[in-house]
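Here's the structure, in structure tokens; my notes come after.
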Amino acid sequence: MMTIRKNSVRRAILAACLLPAVLAAQEDVRLRVRSEGFRRIYLEPEPFTGDQRSDVPERLRRMIIADLDLSGFFTIILPDSGSAGRWRFIPSSSVGVKGNVDLAGGDLQLSMTLDERPSGQTIISKEYRSSLRRIRDLAHECADDIVLFLTGYTGISTTRIVFVSEQGESKELSVIDFDGSNRRQLTRNRSLNISPCWSPDGNRLAFTSFFSGNPDLVIFDLASREYTNISRVNELHSAPAWSPDGNKIALSLTQNGNADIYTVRPDGSGLQRLTHSPAIESSPAWSPDGREIVFTSGRSGGPQLYLMDADGGNVRRLTYEGRYNDSADWSPRGGSVAFVTRDEGGFQICTIDVTGQNLQRLTDSAGSNENPTWSPNGMWLTFASSRSGRWDIYIISRDGTDLRRLTEDGGNVSPAWSPAL
Amino acid sequence: MKDRIIYLIILGAVCVIAGCGGSKAVSTAQQETGAAAADSMTVVPEGRPAADSREIDRRVMDLLTEKEAKAESRELVLQPVYFELDESDLTPEARSILGGLADALAVNPGISIMIEGHCDERGTIEYNLALGERRATAVKEYLVNYGVNAARLYTISYGKERPADPGHSEAAWAKNRRAEFRIVGQ
């Protein structure tokens with residue numbers, strides 16, 4: 001049972017995106033103008049009604065609010081946010097979130113309604129049902145629906161981040177939910193497992209593992225937890241990147257000591273060489289349409305980013321600023337690439353349009369910031385940073401305005417954001 | 001590192017048994033480590049290396065255990081060579097060390113070695129892996145040009161994954177930009 005009033009949705013988006021300039025002076029300090037020029041949508045989640053004998057309505061509401069906050073699209077206005085002498089911000093237009101929770105019959109039922117304010121017109125309403133045990137999944141689904149209805153972006157509430165975690169002498173893969181919760185270790189082979197990437201369906205990981213003694217390309221099935229070593233030569237296999245159609249993995253492979261970009265099918269067959277330079281070529285990443293690859297090459301001296309067609313043709317240089325640029329990841333939205341640039345203290349995260357314009361630096365911290373990868377909706381980047389003195393996983397919004405730390409225990413690097421799961 | 005610790009422990013134990021004073025133990029250790037002189041390399045041969053370097057690498061674990069058992073009789077010191085930042089070119093010092101190593105390999109024709117390329121933390125993980133491989137290969141090529149049979153030389157890169165010094169100073173970085181050697185077969 002779902003009703004959507006398209007005009008209302010459109011109006012809500014318009015209202016949020018095109019707030020008149022005269023209102024700028026009244027902005028909440030938390031509201032930041034985003035690089036693309038649109039503003040966050042104001043959301044007013046009301047206390048959920050319904051079964052008040054348990055804490056379920058409030059727990060569910062808090063989970064949904066947390067997801068909505070982490071989506072990066074909204075400024076959340078809570079009813080009590082203006083209390084204790086602070087003035088309360090009342091936006092000229094916003095979207096109300098209402099929920100009614102019913103626990104009759106042992107199941108959790110939520111009826112969620114979005115309304116446009118101040119008019120009060122209902123934008124959509126939708127029913128959700130699950131077992132109480134799966135309350136978190138229900139919250140994620142509801143939050144992602146709200147994101148999709150109001151912005152057109154797929155939500156990230158069900159996404160995960162895989163990363164490399166130091167375990168004494170070895171490095172193993174672990175995975176967390178997008179908000180840092182629900183951590184579990186994936187590999188236990190007491191070797192070096194590094195540079196993980198996801199298959200586009202989210203069912204498998206490709207990474208470099210030394211467990212056979214050589215840096216090989218390994219496929220890990222998340223359901224069966226089985227490894228398949230698809231390497232056929234005793235060479236360095238590094239920096240894998242799965243193509244968007246799932247049919248190929250681009251990687252850096254050495255021959256006579258020199259790394260070039262190759263592609264290989266996920267079963268290890270069909271090895272194809274794409275670059276033929278005497279310099280180091282590494283860290284390939286696919287464009288979302290699979291037609292192009294961005295990669296790092298040392299052919300001009302230090303490492304710089306280059307673009308090429310997926311067959312290796314039409315190579316052109318992308319970055320000119322800085323002497324060490326690497327670790328590119330192509331935005332799923334297509335137009336830009338995230339990468340790292342070296343400065344005195346380490347690396348900083350940058351983005352640049354694929355046209356070579358609009359270079360933006362997203363981090364400016366002590367320590368180093370490395371291996372950025374995009375969230376599947378292109379709103380966030382995850383990366384590893386040593387800013388606290390230890391290496392941990394962080395996320396930052398694509399314009400650098402919102403930074404969150406996902407791990408706290410140190411020794412965590414090389415995060416890779418899953419596709420929408 | 002582990003090898004060296006075991007070596008020193010054994011050396012210490014030998015000194016205690018022999019009733020040496022502490023200061024003498026130190027001077028003995030200095031002599032022994034300083035004597036990177038390759039012609040002192042003596043290793044008991046035990047079969048040819050397999051053609052597959054991965055097979056060889058699997059055997060490394062066995063050999064390491066064996067090596068620990070035989071550490072008492074082992075006199076070999078394989079000295080690392082060091083590199084400049086972002087470079088895989090060999091320094092004059094590295095060439096001199098490798099010349100000694102090549103001579104040692106010439107008088108120990110049964111030995112094969114694994115050349116491990118390493119980097120400091122200032123590069124990215126992935127570029128460093130490629131750079132480490134280049135460093136190991138530069139060492140291999142130098143040894144081959146010096147007359148060592150390429151079939152006796154294997155390379156592997158660990159990038160910045162296995163620093164010799166976990167510090168974050170210039171001194172630590174200088175120690176981490178290196179190629180190390182392991183005996184993998186005889």
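For the numbers below, each heavy atom of this structure counts, side chains included, while hydrogens, waters and symmetry mates do not. Reminder, nothing fancy here: chain letters follow the sequence lines and each chain counts from 1.
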Please say whether more than 12 non-hydrogen atoms of neighbouring residues, nucleotides or ligands are located less than 6.0 Å from CD in A/Q185.
-> yes

Stepwise, does the side-chain contact (heavy atoms from CB on, under 4.5 Å) test hold for B/E133 with A/N258?
-> CA-CA 7 Å; B/E133 187 67 32; A/N258 182 47; over 6 Å; no

Which atoms of A/S195 approach chain B - backbone, side chain, both or neither, heavy atom under 4.5 Å = both

Looking only at heavy atoms, the pair that brings A/S414 and B/I125 closest together is OG-CD1, 3.2 Å

Counting only heavy atoms not in A/R273, do more than 12 fall under 6.0 Å of its CZ?
-> yes

Counting heavy-atom pairs under 4.5 Å with chain A, the top scorer among B/G159, B/S88, B/G117, B/A130 is B/A130

Would you find more than 12 non-hydrogen atoms of other residues, nucleotides or ligands less than 6.0 Å from A/E169 atom CD?
-> no

Does the pair A/R342/B/D86 count as a salt bridge with the N-to-O cut at 4.0 Å?
-> yes

Above 12 or not: heavy atoms from other molecules or residues under 6.0 Å from CZ of A/R190?
-> no

Heavy-atom closest pair, residues B/Y127 and A/S282 = N-OG, 4.2 Å

Taking it one step at a time, do A/S252 and B/E126 satisfy side chain to side chain donor-acceptor pair (under 3.5 Å)?
-> CA-CA 9 Å; A/S252 179; B/E126 289 75 20; over 6 Å; no

Which atom of B/L129 lies closest to which atom of A/I194, heavy atoms considered | CD1-CD1, 3.6 Å

Would you please classify the geometry between the B/Y158 ring and the A/F210 ring as parallel, tilted or perpendicular, with 30° and 60° separating the classes?
-> parallel

With a 4.5 angstrom heavy-atom cut-off, could you sort out which part of A/A384 is near chain B: side chain, backbone, both or neither?
-> neither

Above 12 or not: heavy atoms from other molecules or residues under 6.0 Å from NZ of B/K160?
-> yes

In short, B/T124 meets A/E370 closest at the heavy-atom pair CA-OE1, 4.1 Å

Euclidean distance, B/R122 CZ relative to A/S368 OG, rounded to 0.5 Å = 11.5 Å

Check each atom of A/N371 against the heavy atoms of chain B and say whether the ones under 4.5 Å are side chain, backbone, both or neither.
-> side chain

Heavy-atom closest pair (B/S157 atom, A/P215 atom, distance to 0.1 Å) is O-CG, 4.3 Å

Is it the side chain or the backbone of A/I280 that comes within 4.5 Å of chain B heavy atoms, both, or neither?
-> both

Proximity breakdown for B/R135 and chain A, heavy-atom pairs closer than 4.5 Å = neither

